[in-house]
Amino acid sequence: MTMASVSPQSSGSWFDPMRLALVAVGISVVVICFRRRSADSASFRTANAPDNVVLLHQLGHGPYCPSLSPFVLKVETFLRVNNIPYKSVYDRKMGPKGKTPWIEFNGDVIPDSSFIVSYLNEKFNVSMDASLTSYERGVARALQRLAEEHLYFQLGLWRAVHDPEKEMFKAVGLKWLYIWMLERKARTDAWHQGLGRHSEEDLAAITEADLAALSAVLGEKDYFLGAQPSEVDCSLFGQLSQWVWQAPRSPGHRLIIEKFPNLKRFCERVKEKYWSDWDELILLPSTQ
């Protein structure tokens, strides 16, 4: 008796799932190779850029926050807290690592928000963490990782996958095809990260646990590590402000309003102190 080989059936159509998957992989490889080739090219430098001014490259304004990206708000808040001269460039161009934001300063091109903050500390001789103990620095590192490597993916899954209205994407004018592409990317990224393997109900429980931890550390303090802001406050403001103002109907938004109001007060405190022009930088009238 012979054994027939088993292979996926193909209709010969370009809409065959296997063929579409191979095309998608091919396109991804080309994009990655192009990004790697151009990562060090002069194309990231702005002609006639002003001297001694940070150019903050970002995608565009958000509906209720100055950006849809928590990492843009992290960097821009850091610039404002430290009175560093900067100019926002809304060119919708990803940086050398294929990420946003990225900065230019006197010919240097720096991608990734954490590397940007380290670079700015050195160039402008500032340190928001100078007074922190080694223990507090460890706590700050853990809080940053919780927010940027965990809570961030929960936000992405809500916006791109679980929000049936895709409200934030539509509010900035994205069309259905691009929204569909963002949903595919969010699912893939979160699957590899791990959170995308959970049900929506389980994700809500995870979000509650993460926000409860942040709320407990903040307590009644003005900032997470005391009376004065430190670097981690810029990071946490970037992430939490998205839940407070740009994730309506999400579990995270509801939890902050109903169970962890000190997180909302923290966001309002940073906004009022360092973002006097907030309403000028958002696309829609403020609802809160």
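This is a predicted model, so every value here is computed, not measured.
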Distance (rounded to the nearest 0.5 Å) between Gln246 CD and Glu167 CD = 10.0 Å
Note: Asp233-Lys74 ion pair, threshold 4.0 Å (strictly below) = no
query = Between Phe71 and Tyr152, what is the ring plane arrangement, given parallel below 30°, perpendicular above 60°, and tilted in between?
reply = perpendicular
query = Is it the case that more than 12 heavy atoms not belonging to Arg141 sit under 6.0 Å from its CZ atom?
reply = no
note = The side-chain contact (heavy atoms from CB on, under 4.5 Å) partner of Leu263 among Leu211, Leu236, Val244 is Leu211
query = Same hydrophobic cluster for Tyr90 and Phe105, using side-chain heavy-atom links shorter than 4.5 Å among ILVMFWY?
reply = yes
query = Are the side chains of Ile103 and Leu55 in touch, meaning some heavy atoms are under 4.5 Å apart?
reply = no
task = Please indicate whether Asn125 has more than 12 foreign heavy atoms, meaning atoms of other residues, nucleotides or ligands, lying under 6.0 Å from its CG.
result = no
request  = I would like to know whether Arg159 and Gln242 meet side-chain hydrogen bond (donor to acceptor under 3.5 Å, both in side chains); could you show each step before the answer?
outcome  = CA-CA 10 Å; Arg159 282 180 176 168; Gln242 302 295 319; 2.3 Å; yes
query = Is Lys271 close enough and on-axis enough to Phe237, meaning under 6.0 Å and within 45°, for cation-pi?
reply = no
remark   = Sorted by chain and residue number, the salt bridge (Lys or Arg N to Asp or Glu O under 4.0 Å) partners of Glu231 (sequence neighbours excluded) come out as none
query = Are a donor atom and an acceptor atom from the side chains of Ser235 and Glu148 found within less than 3.5 Å of each other?
reply = yes
task = State yes or no: do Leu143 and Val75 share one hydrophobic cluster built from I, L, V, M, F, W and Y residues joined by side-chain heavy-atom distances below 4.5 Å, directly or via other members?
result = yes
message = If hydrophobic clusters are built by linking Ile, Leu, Val, Met, Phe, Trp and Tyr wherever their side-chain heavy atoms come under 4.5 Å apart, do Ile206 and Leu255 end up in the same one?
response = no
task = Measure the spacing between CG of Asp189 and CZ of Arg184 and express it to the nearest 0.5 Å.
result = 12.5 Å
task = Sort and list the pairs that fulfil side chain to side chain donor-acceptor pair (under 3.5 Å) and have at least one residue in residues 171-183, not counting sequence neighbours.
result = Glu183-Arg187
ask   = For the residue pair Val81 and Met128, what are the closest heavy atoms and their distance?
value = CG1-CE, 3.6 Å
task = Tell me whether Trp158 is reachable from Ile256 by hopping between hydrophobic residues (I, L, V, M, F, W, Y) whose side-chain heavy atoms are closer than 4.5 Å.
result = no
task = Enumerate the residue pairs fulfilling side chain to side chain donor-acceptor pair (under 3.5 Å) with a member in residues 214-229, sequence neighbours excluded, ordered by first and then second residue.
result = Ser215-Asn262
Verdict with reasoning, Asp202 to Ser199, per side-chain hydrogen bond (donor to acceptor under 3.5 Å, both in side chains) = CA-CA 5 Å; Asp202 288 342; Ser199 67; 3.3 Å; yes
inquiry  = Are there over 12 heavy-atom neighbours, none belonging to Lys93, within less than 6.0 Å of that residue's NZ?
reply    = yes
